[in-house]
Amino acid sequence: MKRFLLLAIFCLSLASSLKRVPLTRRRSLRKALRDREHLSHFWKAHKLDMVQSSEDCTAFLETNEPLINYLDVEYFGQIAIGTPPQNFTVVFDTGSSNLWVPSIYCISKACTQHAQFQPSQSSTYQAVGTPFSIQYGTGSLTGVIGSDQVVVEGLVVSNQHFAESVSEPGEAFLDAEFDGILGLAYPSLAVDGVTPVFDNMMAQNLVELPIFSVYMNSNPTSSLGGELLFGGFDPSRFTGTLNWVPVTKQGYWQIQVDNILLGGTVTFCANGCQAIVDTGTSLITGPKKEIKELQNYIGAIPVDGQYTVECSNLNVMPEVTFTINGLPYTLSAQDYTLMEYSDNMAFCTSGFEGIDIPTPVGPLWILGDVFIRQYYSIFDRGNNRVGLAPAVP
């Protein structure tokens with residue numbers, strides 16, 4: 001009895017140390033462009049990303065590279081940089097490792113539409129001066145590295161190196177709802193060898209456990225878009241037992257997928273394939289050939305650069321299942337279809353997209369927000385594994 005009392009006290013103490021970052025669900029860039037009737041003329045923006053607790057605590061709280069599009073990203077959070085704090089809206093992206101925000105010295109029109117960092121207004125800022133560049137489909141985002149304190153929901157990260165963009169490509173970020181990106185992947189992906197924000201959180205003992213977790217609300221009308229939790233995870237956000245999946249390569253959060261079933265039949269990835277769990281990609285992507293076959297199977301047809309489906313067919317469309325570490329992760333048509341309304345009419349688009357990402361062990365699949373909305377995702381740096389469980393609606 002005493003053991004369980006001490007365990008409960010420990011876990012409650014752990015829970016109090018967790019930092020919850022609310023995620024806001026807003027209009028995606030694709031929807032903004034559609035509203036402006038620019039989508040058919042827009043060249044898609046892509047990015048070029050270059051101490052476990054006791055299992056007894058689970059009942060309480062246990063606490064070069066691929067091109068990926070940002071057109072459909074809808075989940076954003078808030079951070080602050082500098083002293084006094086300058087606020088920014090960012091994508092918390094497990095598919096990259098750098099933090100960047102627009103600079104007051106940025107020459108691109110896109111920067112004028114967003115919050116801009118002013119180094120002269122921060123008493124804790126230090127210039128580093130290293131050039132920074134990330135290649136996008138529409139051009140190169142360039143800038144310079146600086147150093148300052150970064151605040152994420154009360155966690156003050158000291159001496160964090162980040163990029164101040166001075167040139168942003170084309171119209172890629174002009175209509176974006178976010179100012180910048182905060183990468184949460186492994187250090188090996190970081191441009192210029194910059195230490196990622198979460199690595200500094202761990203090094204500066206700001207989190208109790210080397211874990212963060214992501215909940216994305218599947219209800220677009222909810223006041224809570226989602227939640228990013230630093231230092232552990234929240235069992236109230238999922239049901240059932242966690243499936244811990246080993247990370248196969250420490251760069252992206254890359255895992256092994258056993259196979260992929262359409263309507264209950266193994267159709268793709270029969271001998272296993274690699275996938276990454278990526279909060280910075282809203283769709284599920286796979287090799288173009290396989291995704292084209294999948295779109296045909298679910299009855300999706302190409303229209304203006306995306307695949308549409310009849311909303312009235314959702315109840316008869318097949319399930320898509322990813323078998324991961326021996327367990328099925330099934331998506332219904334309602335799960336993998338994006339629905340929006342215009343002039344009181346519903347429009348449905350497929351949540352799958354074809355992108356060829358070759359690797360030495362075969363093509364790479366990306367499990368983006370379409371997947372994460374249905375499955376609570378835990379990113380465990382201490383044990384290099386991803387935890388998955390059905391998310392609470």
[X] and [Y]: side-chain donor and acceptor closer than 3.5 Å?
| X | Y | result |
| --- | --- | --- |
| Q374 | S218 | no |
| Y75 | N217 | no |
| Q121 | Q86 | no |
| S122 | D148 | yes |
| Q295 | S350 | yes |
| E164 | Y125 | yes |

Taking [X] for its side chain and [Y] for its backbone only, find out whether a donor-acceptor pair lies under 3.5 Å.
| X | Y | answer |
| --- | --- | --- |
| Y307 | N296 | no |
| S108 | S167 | no |
| S103 | Y105 | yes |
| N259 | A270 | no |
| N384 | Q250 | no |
| T323 | G326 | no |
| T359 | G362 | yes |
| D192 | V194 | no |
| N383 | R385 | no |
| T330 | E319 | no |

As an exercise, state the distance from [atom1] of [X] to [atom2] of [Y], rounded to the nearest 0.5 Å.
| X | Y | atom1 | atom2 | value |
| --- | --- | --- | --- | --- |
| E153 | E227 | CD | CD | 9.5 Å |
| F162 | Q149 | CZ | CD | 11.0 Å |
| N200 | S158 | CG | OG | 8.5 Å |
| T248 | Q256 | OG1 | CD | 7.0 Å |

Please state whether the rings of [X] and [Y] are parallel, tilted or perpendicular, taking 30° and 60° as the class boundaries.
| X | Y | answer |
| --- | --- | --- |
| Y329 | F371 | tilted |
| F76 | F178 | tilted |
| F230 | F92 | perpendicular |

Honestly curious: do [X] and [Y] fall in one hydrophobic cluster under the side-chain, below-4.5 Å linking rule?
| X | Y | answer |
| --- | --- | --- |
| V207 | V157 | yes |
| L228 | V156 | no |
| F379 | I79 | yes |
| V166 | L141 | no |

Would you say [X] and [Y] make side-chain contact, with heavy atoms under 4.5 Å?
| X | Y | result |
| --- | --- | --- |
| F117 | F88 | yes |
| F173 | K109 | no |
| L388 | L327 | no |
| V309 | T337 | yes |
| F212 | L184 | yes |
| L206 | K19 | no |

Within 45° of the ring axis of Y186 and under 6.0 Å from its six-membered ring centre, is that where the NZ or CZ of R381 lies?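 Yes, cation above the ring, under 6.0 Å and within 45°.
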May I ask you to check if R237 and Y376 form a cation-pi contact, with NZ or CZ under 6.0 angstrom from the six-membered ring centre and within 45° of the axis?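 Here R237 fails the 6.0 Å and 45° test against Y376.
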Considering non-hydrogen atoms only, spot the tightest contact between [X] and [Y] and give its length.
| X | Y | answer |
| --- | --- | --- |
| V257 | F322 | CG1-CD2, 4.4 Å |
| G351 | V370 | O-CG2, 4.0 Å |
| T265 | T267 | O-OG1, 2.9 Å |
| C311 | F347 | SG-C, 3.7 Å |
| D179 | P102 | O-CD, 3.3 Å |
| H114 | A110 | ND1-O, 2.9 Å |

Evaluation steps, side chain to side chain donor-acceptor pair (under 3.5 Å), between Q78 and T89: CA-CA 5 Å; Q78 301 296 312; T89 298; 2.8 Å; yes
Evaluate Q204 against N159 for side chain to side chain donor-acceptor pair (under 3.5 Å), listing each step before the verdict. CA-CA 10 Å; Q204 297 173 24; N159 303 313; over 6 Å; no
Test H161 against every option in V197, V150, V128 by the side chain to side chain contact (heavy atoms under 4.5 Å, CB included) rule and name the one that passes.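 Among V197, V150, V128, the one that satisfies the side chain to side chain contact (heavy atoms under 4.5 Å, CB included) with H161 is V128.
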Picking from V247, I276, L367, V245, what satisfies side chain to side chain contact (heavy atoms under 4.5 Å, CB included) with W253?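 The single option meeting the side chain to side chain contact (heavy atoms under 4.5 Å, CB included) with W253 is V247.
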Could you go through I181 and N98, starting from their C-alpha distance and side-chain angles, then the distance that decides it, and tell me whether this counts as side chain to side chain contact (heavy atoms under 4.5 Å, CB included)? CA-CA 7 Å; I181 295 169; N98 288 84; over 6 Å; no
Please step through side chain to side chain contact (heavy atoms under 4.5 Å, CB included) for the pair L189 and Y252, ending with a clear verdict. CA-CA 7 Å; L189 284 189; Y252 299 102; 3.4 Å; yes
Should D356 and K289 be marked as a salt bridge (charged side-chain N to carboxylate O under 4.0 Å, His left out) after you check the CA-CA gap, both sets of side-chain angles, and the distance that decides it? CA-CA 9 Å; D356 288 326; K289 181 176 180 293; over 6 Å; no
Would you say E310 has more than 12 foreign heavy atoms packed within less than 6.0 Å of its CD?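 For E310, atom CD is not crowded (no more than 12 foreign heavy atoms under 6.0 Å).
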Could you please spell out the steps behind the side chain to side chain donor-acceptor pair (under 3.5 Å) verdict for Q160 and S147? CA-CA 5 Å; Q160 176 64 53; S147 177; over 6 Å; no
